[in-house]
Amino acid sequence: MNIMIMKNYKTLSKIAAQIVSERVRMKTHLVLGLATGSTPLGMYRELVSLSRKGIVDFRGVTTFNLDEYYPISKEDPHSYYKYMLTNFWGPAGIPPVNVNMPDSEAADTIQACRDYEQKIARAGGMDLIVLGIGRNGHIGFNEPNDYLTADTHLTRLTEETIAANSRFFARPEDVPRMAITMGIGTIMKAREVLLLVAGSSKADIIKKTLTGGVRTEIPASLLQVHPQVTVLLEKAAARYLYPDKYAIPQNMEERDE
Ligand code: PGA
């Protein structure tokens with residue numbers, strides 16, 4: 001794992017965008033896994049700006065999103081489909097045929113999950129996946145549990161996740177209770193992982209994720225066994241790791257810009 005501490009959210013977003021755009025420049029037809037939530041918004045803004053300046057061209061890129069509420073209409077302003085269209089796919093000029101999202105309107109969710117896995121495989125697997133982390137350690141909607149599911153699946157959100165996501169809805173009861181998410185195996189098969197962690201509210205979980213053992217009650221801790229992970233940590237999120245050098249995993253550096 002390469003762990004880099006960023007002085008603030010702006011720097012984190014810039015460095016994340018640099019990493020993604022470097023990979024796109026190296027491989028025009030990059031297959032990119034993407035996350036929603038608050039954390040990657042700054043990165044998306046930077047990527048759109050780089051694309052507008054002609055520094056990176058996303059027209060050849062294929063994207064697969066990590067997760068989507070179920071059931072939800074694509075047109076619903078709370079859908080992750082709308083979030084992606086507004087914040088990234090649209091302004092970055094990614095052709096609509098190249099973007100993929102779990103089917104939030106499917107009648108047969110088992111088939112929809114299988115189809116999603118097959119689409120990723122047919123695209124050649126993900127070259128890079130960008131992840132955020134939930135305060136309970138979830139990645140995608142792989143929630144803490146005694147066991148984790150490998151493949152894309154329908155899952156029930158925990159009360160903690162529903163409460164965290166209620167900030168985007170008028171009322172907590174409006175938050176969908178279910179979602180389709182890539183499984184832990186789907187994520188682990190990505191050739192490279194970029195984990196973005198911002199804010200002091202993530203300080204506790206990121207310490208447990210990076211420094212404890214691998215355990216299913218912290219799904220993100222499984223990333224410890226992935227061979228190619230970069231973690232970009234805003235300083236506030238690293239406060240329980242830093243400056244306590246003893247708690248710091250190897251390969252950690254501090255970046256200013
Ligand atoms: P956040 O969500 O970026 O909005 O904190 C991350 C997550 O829940 O995975």
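As the structure lists them, so they are numbered: ligands from 1, and atoms in each ligand from 1. In what follows, residues are counted from 1 in the order of the sequence shown.
- Of the protein's non-hydrogen atoms, the one nearest atom 5 (O) of ligand 1 is Lys202 NZ, 2.6 Å.
- Here the heavy atom of the protein found nearest to atom 8 (O) of ligand 1 is His138 NE2, 2.8 Å.
- Residue contacts with ligand 1 leave out Glu160, since none of its heavy atoms falls under 4.0 Å from the ligand.
- Side-chain contact between Met43 and Tyr9 is absent, with no heavy-atom pair separated by less than 4.5 Å.
- Between Phe169 and Tyr69, the ring planes lie perpendicular to each other; the angle is over 60°, past the 30° to 60° tilted range.
- Here the side chains of Gln224 and Leu210 are not in contact, with every heavy-atom distance at 4.5 Å or above.
- Looking at Thr39, Ile133, Asn142 and measuring to atom 6 (C) of ligand 1, the nearest heavy atom belongs to Ile133.
- Thr63 places none of its side-chain heavy atoms less than 4.5 Å from the side chain of Asn98.
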Task: Evaluation steps, salt bridge (Lys or Arg N to Asp or Glu O under 4.0 Å), between Lys82 and Asp76 - done: CA-CA 7 Å; Lys82 262 272 148 48; Asp76 188 313; over 6 Å; no

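- Using 4.0 Å as the threshold, Arg135 has no heavy atom nearer than that to any atom of ligand 1.
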